[in-house]
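Below is one structure, written out as structure tokens, with a few remarks after it.
Just so you know, these numbers come straight off a predicted model, no measurement behind them.
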Amino acid sequence: MKLQHKIPKTIVAALAVLAVPAAAFAAPALSGSSTAPRSTSTVSTASLSTASCPRGWGSLPEANSRMVQSPITGVRTGRHACYDRLVVDLQGRAPGYDVRYVRNVYQDGSGFLVPLRGGAKLQIVVHASSYNVDTGKATYAPKNKKELTNVTGYRTFRQVAYAGSFEGQTTIGLGVRARLPFRVFTLAGPGSNSRLVIDVAHHW
């Protein structure tokens, strides 16, 4: 009789022990749902993207007084992960510049207003002409002075306009989304040529 009572209890105990691993294996299936990993991955990617963006830029004027006879040959723009970029190509060594936020941009010489789209306006003065100083022949003559490049879809740029070249300097108006931080620098090349670069960040 005692043996008959012990057998059912042993079986019940064994079944209880076997049930524990089954529950343990079932738990990860609930925590590893398809929604949780996507949410975690998205936040992590966004954090890494923001952390990798350059820091320390400002919105105050940046200037270099160097004057050169290297004529401007082109203006182009590009989109990057953290900023929009404007590049001024020159035939010769790098020029000086004066880049600053202004209420309005005006044409060199005539003083006419240059309308610009966007919540803020950057005036870019390049200390170089857009013509050959010896021959007077234009080295950069944009077909559409109001739209030097197509910036449709850019996160920061809204319009790039030509404001003329007068007395050895050239002015470009850059309409941007808001008063955002920017940086200015020059690069040598290709060859004996150079580039003036203006980057405007997507956010503070």
Exercise for review: Without swapping roles, check the side chain of Arg79 against the backbone of Gly153 for a donor-acceptor pair under 3.5 Å.
Suggested key: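 A pair under 3.5 Å: yes.
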
Check your understanding: Any donor and acceptor pair, going by atom type alone, linking the side chain of Arg85 with main-chain N or O of Ile198 inside 3.5 Å?
Key ->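 Not confirmed, Arg85 side chain does not pair with Ile198 backbone.
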
**Study point:** Distance in Å, Asn64 CG paired with Phe185 CZ, rounded so as to fall on 0.5 Å steps
**Key:**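 Separation between the atoms: 14.0 Å.
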
Review point. Passes side chain to side chain contact (heavy atoms under 4.5 Å, CB included), Lys121 versus Arg103? Steps please.
Key: CA-CA 7 Å; Lys121 302 171 180 67; Arg103 182 171 295 179; over 6 Å; no

Exercise for review: Please name all residues satisfying salt bridge (charged side-chain N to carboxylate O under 4.0 Å, His left out) with Arg76, sequence neighbours left out, ordered by chain then number.
Suggested key: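 Listed in chain order: Asp89.
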
Point to revise | Within 6.0 angstrom of Gln69 CD, more than 12 heavy atoms from elsewhere | key: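 No, CD of Gln69 has 12 or fewer neighbouring heavy atoms, counting only those of other groups under 6.0 Å.
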
Check your understanding: Are Ile72 and Val105 connected in a single hydrophobic cluster, I mean Ile/Leu/Val/Met/Phe/Trp/Tyr linked by side-chain heavy atoms less than 4.5 Å apart?
Key ->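 Unlinked, Val105 and Ile72 end up in two clusters.
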
Point to revise | Residue pair Arg158, Val151: steps toward the side chain to side chain contact (heavy atoms under 4.5 Å, CB included) verdict | key: CA-CA 6 Å; Arg158 293 295 178 266; Val151 293; 5.6 Å; no

Exercise for review: Indicate whether the side chain of Tyr140 and that of Ser165 have a donor and an acceptor atom separated by less than 3.5 Å.
Suggested key: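 The criterion, which ignores hydrogens and geometry beyond distance, is not satisfied for Ser165 and Tyr140.
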
Review point. Is any side-chain heavy atom of Phe166 closer than 4.5 Å to a side-chain heavy atom of Ser110?
Key: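 Result no, sub-4.5 Å side-chain heavy-atom pair not found.
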
Exercise for review: Only pairs at least two apart or in different chains count here, so list each ring-ring contact (aromatic ring centres under 6.0 Å, His included) that has a residue in residues 91-123.
Suggested key: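 For residues 91-123, and leaving out neighbouring residues, the ring-ring contact (aromatic ring centres under 6.0 Å, His included) pairs sorted by first residue read Tyr101-Phe182.
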
Practice item. List, by chain and number, the other hydrophobic cluster members for Tyr131, where Ile, Leu, Val, Met, Phe, Trp and Tyr join if side-chain heavy atoms come within less than 4.5 Å, directly or indirectly. Key: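 Listed partners: Val133.
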
